[in-house]
There are 2 protein chains.
Amino acid sequence: MAASSHRAAPEHTHPDQVSVLTALSALADPVRLTLVRELAGSTEWSRSCGSFDVPVGKAALSHHFAVLRGAGLVEQRDEGPKRVNRLRRTEFDARFPGLLDLVLHTPDPNP
Amino acid sequence: MAASSHRAAPEHTHPDQVSVLTALSALADPVRLTLVRELAGSTEWSRSCGSFDVPVGKAALSHHFAVLRGAGLVEQRDEGPKRVNRLRRTEFDARFPGLLDLVLHTPDPNP
DNA sequence: CCGAGTGTTCGATGAAAATCATACACTCGC
DNA sequence: GCGAGTGTATGATTTTCATCGAACACTCGG
């Protein structure tokens, strides 16, 4: 039979149901910004939650991924014991054109 | 002689010195989002701080304008006893192309 | 020179959000 | 079925942020 997880599938919010305020709030955090950027530079479904280089414990990390899911930014799927991620580029771009590009390609000012 | 204020001129931050995180954080607040939107629909320098329809006291309002100034979103000038505002559209657009348009023209999802 | 109008500053308060430590749930290789 | 690896849930702590009230500063018209 098909290999399937007995674990509860994570709840996802489609970008179309996300308000501007929620989208901005989700991105207005240094840790989540790092996650999104690192995710954008990786192949889809290639990164598990624990594979990101952020200075927080795994509980906080789990929380941040929940926020990103709720903002329609990230999709997750269970793969064995790991939960792998994908940036919802096309869907999010359709809802908020240019926002991801901006966040990904705008360099910080010189101090 | 030229009419001049003896009041301390407000400190302004140019959008070029603003980080993505700061810009997003400034916009990720319901009150400030309202201010920016209302400002976008008005003639430049036509709105004093107190002329906005937001449900906060004047102390909080003053704080929000300080944040908007710090994010390079708003420019202020003293005009008599009032402090009048202007949305820094061109400059902010040059630094964060599309962000203001997005914030101003993206409708909220149907509940 | 007063008084009304307008904003800012300060200190305190309260609510929201991030974080942690711990305990739990699930998957898989051995 | 154990045990390691991975992520979630819960509860407590901390930090951050928005807010308010009151006091203060400035401008202008009388």
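Because the structure is a prediction, the values reported are computed rather than measured.
Of all nucleotides listed (C/dT19, D/dA9, D/dT8), C/dT19 comes nearest to the side chain of A/His64. The nucleotide whose nearest atom lies closest to any side-chain atom of B/Asp29 is, among D/dA18, C/dG7, D/dT8, D/dA18. Closest to the side chain of B/Arg69, from the set C/dT8, D/dT27, C/dA21, is C/dT8. In this structure, of C/dT19, C/dC10, D/dT6, it is C/dC10 that holds the atom nearest to the side chain of B/Ala59.
For the pair B/His6 NE2 and D/dT27 P, the computed distance is 6 Å after rounding to whole Å. The separation between B/Leu33 atom CG and D/dC17 atom P is 18 Å, rounded to whole Å. Following rounding to the nearest Å, B/Lys58 (NZ) and D/dA25 (C1') show an atom-to-atom distance of 11 Å. The separation between B/Phe65 atom CZ and C/dT9 atom C1' is 17 Å, rounded to whole Å. Regarding B/Glu11, its CD atom lies at a distance of 14 Å from the C1' atom of C/dT9, rounded to whole Å. Between B/Arg7 atom CZ and D/dC24 atom P there is a gap of 18 Å when expressed in whole angstrom units. Atoms CD (A/Gln76) and C1' (C/dC26) sit 15 Å apart, rounded to a whole Å. Counting to the nearest Å, the P atom of C/dC28 and the CG atom of A/Asp78 are 10 Å from each other.
Mapping A/Gly57 and B/Gly50 onto DNA chain C by nearest heavy atom places B/Gly50 closer to the 5' end of the strand. Residue-to-nucleotide proximity on DNA chain D shows that, of A/Leu61 and A/Pro81, the 5′-proximal contact is made by A/Pro81.
In this structure a side-chain-to-backbone donor-acceptor pair under 3.5 Å is missing from A/Arg89 to A/Ala40.
For B/Ser48 and C/dT6, the shortest distance from a side-chain N or O to OP1 or OP2 is not below 4.0 Å. An OP1 or OP2 oxygen of C/dA18 is reached within less than 4.0 angstrom by a side-chain nitrogen or oxygen of A/Arg32. B/Arg83 has no side-chain polar atom (N or O) that falls below the 4.0 Å cut-off from OP1 or OP2 of D/dT27. Here A/His63 reaches the OP1 or OP2 of C/dA18: one of its side-chain N or O atoms lies under 4.0 Å away. Residue A/Lys82 places at least one side-chain N or O closer than 4.0 Å to OP1 or OP2 of D/dT6.
When A/Arg69, A/Glu38, A/Gln76, A/Glu75 are each tested for a side chain to side chain donor-acceptor pair (under 3.5 Å) with A/Asn85, only one passes: A/Gln76.
Take A/Val67 and apply the side chain to side chain contact (heavy atoms under 4.5 Å, CB included) test, not counting sequence neighbours, and it matches A/Ala26, A/Arg32, A/His63.
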Test log, rule side-chain contact (heavy atoms from CB on, under 4.5 Å), inputs B/Leu100 and B/Leu73
CA-CA 9 Å; B/Leu100 264 179; B/Leu73 275 161; 4.1 Å; yes
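Residues A/Leu35 and A/Val74 have side chains not in contact (no heavy-atom distance under 4.5 Å, counting atoms from C-beta outward).
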